[in-house]
Amino acid sequence: MLLALDVENMFDYVIVGGGSAGCVLANRLSADSRVTVCLLEAGPPDRHPLIHMPMGILWMMRSKVLNWNFYTEDEAEMGGRRMFWPRGRTLGGSSSSNAMCYLRGHPADYDQWAALGNPGWSFADVLPYFKRAQHQERGASAYHGTGGPLNVADLRSPSSLTRVFVEAGVEVGLPHNDDFNGASPEGVGPFQVTQKNGRRCSTARGYLAPVRSRANLTVITQAHATRVLLEQQRAVGVEFLRRGRLQQVGARQEVILSAGAINSPHLLMLSGIGDARKLHDAGVVPRHHLPGVGQNLQDHLDVILVQACTQPVSYGITWRSVLRGGLDLVRYLAAGRGMFTTNGAEGCAVARSTPEEELPDLQFHFSPGKLRDHARDLLFLCGDGYSLHVCNLRPKSRGEICLASADPQAAPLIRANYLTHPEDIEHLLRGFKLARRIFAARAFDAYRGREISPGREVKSDEDIRRFIRQQAETIYHPVGTCKMGSDALAVVDASLRVHGLSGLRVVDASIMPLLVGGNTNAPAIMIAEKASDMIMAARRD
Ligand SMILES: Cc1cc2nc3c(=O)[nH]c(=O)nc-3n(C[C@H](O)[C@H](O)[C@H](O)COP(=O)(O)OP(=O)(O)OC[C@H]3O[C@@H](n4cnc5c(N)ncnc54)[C@H](O)[C@@H]3O)c2cc1C
């Protein structure tokens, strides 16, 4: 029930979540001065300087305030581990805490979305939105746009080891690829990144900051949405908790959930929208039976090969890097260059683990430093080394997000169900072997120390499978929990409207019916760009 609201608490559109997608919507919808827009973000403003310094990602992983710090439930196929799932909790959302790698996935990914019964989502349909979002520093082309809010750049000061990695990849037979978002996403090359002048270009910086002074846009931070307010089958507002006080805002046109793949389904369930029996069991009064909410969870599972480096050229913590750090900090502050502009994952390879794969099934992220436990293990970062992440791009395992309780401040239950489909581990096994071949290539001869993790004693396929189960982690791409479609588990239609309700859409990474074969920030931004056109076209006078 919507309480009687003052006119200043009524808006045309209320957006929940100021992340990758939410900031795009706030910008595009408020571009029409006739409409009023309210953006609610649970986290604080993005003022901390380490958000904007690319290497600050190391600190973002540990922040208690700017990170939701989720954990999965015990993962049965992963040695019973509870696995860390960081998500950004500030303006910009996960685009304020991610590794800035700019990759859209394979064109066939979007064609599959369309083939699943989602008209308007083929690659040809969505390419204009990728381009509209973008300012490609290399210039416009058939695949790239210029003049958009999201700055896409080459790394300004890549490590010399990244060049070695690319040479090594070519040596083992991968085609050199200078543009993973061009004609083909396959091959090996340096990542392009969402940075501008050596600083992170989150959606808060690219989309929101330039329009914050619009009179028709209200941004409320530290506003934790607790439920969507429904009148019969229509969403009419949002309740949120701010500084200990429950408040409400009303939506004349629409409520739009952009709280991400974990929190958007969580918020729907807290509002009584989901599987009626499960909601009832968790103590929430069911308002609208929609069994797919929280289902269809997909994520990229990632295993890391770590090698010692015999030359003092990596980003490991050493006396040399500490001494050099002062100089590099000055370079960063004065010119946006140097070690602090690294995104941590500088090199990329996209490949097929066997020639029979229809689409590339593997992605590699190369880091010119030693990584373990999401870079939270600072001791492990000490010393020179380099790492290669391997992930299976098209996992068949499916997980779910469920209510742990009716308390909106309690985290939801996350069951990733990694490796529950038997094929998934086989892709990782083949990928891991390819990673070893890349590190064994001649290009690395002058740098190669001992293999630190897993170590040469891990030899047989069974050894490697065991290592994957013990050590693999998320590479931060959960999607699919409010999937778009028209089947029994679909949550939104092809216009991203929640099935069976009016005035309510979901616009974020959760709507992807299938995980794309690449990173997920650019796709989340594209989704919001496209949604903004659909929302404006549906505006009621
Ligand atoms: C550590 C990390 C590294 C990554 N690296 C990359 C990369 O290099 N390249 C890439 O392409 N992708 C990367 N990703 C993934 C990518 O950033 C995400 O897929 C993308 O940001 C998702 O966008 P979204 O809009 O769906 O959600 P988010 O950007 O997470 O936004 C959700 C927003 O909603 C807010 N929110 C949540 N619940 C509530 C509530 N109840 N009330 C109010 N506000 C709420 C959150 O605080 C957040 O600001 C990474 C992600 C992480 C976490």
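Whatever order the structure lists ligands and atoms in, that order sets their numbers, starting from 1. This chain uses plain numbering: 1 for the first residue, then up along the sequence.
Applying the salt bridge (charged side-chain N to carboxylate O under 4.0 Å, His left out) rule to Glu73 yields no partners; only residues at least two apart in sequence or on another chain are considered. Arg132 meets the side chain to side chain donor-acceptor pair (under 3.5 Å) test with Glu529, Ser532, Asp533; sequence neighbours excluded.
No salt bridge links Asp109 with Arg104; every basic N to acidic carboxylate O contact stays at or beyond 4.0 Å.
Residues lining ligand 1 at a heavy-atom distance below 4.0 Å are given as Val16, Gly17, Gly18, Gly19, Ser20, Ala21, Leu40, Glu41, Ala42, Met61, Trp68, Pro86, Arg87, Gly88, Arg89, Thr90, Gly93, Ser94, Ser95, Ser97, Asn98, Ala99, Met100, Cys101, Ala223, His224, Ala225, Ser258, Ala259, Gly260, Asn263, Tyr476, His477, Asp508, Ala509, Asn519, Thr520, Asn521, Ala524, ordered by chain and residue number.
Between the side chain of Asp424 and the backbone N or O of Ser397 there is at least one donor-acceptor pair closer than 3.5 Å.
When the options Asp154, Thr146, Val152, Asn151 are evaluated for a side-chain contact (heavy atoms from CB on, under 4.5 Å) with Glu137, the one that passes is Asn151.
Listed by first and then second residue, the salt bridge (Lys or Arg N to Asp or Glu O under 4.0 Å) pairs that reach into residues 505-517 are Glu254-Arg505, sequence neighbours excluded.
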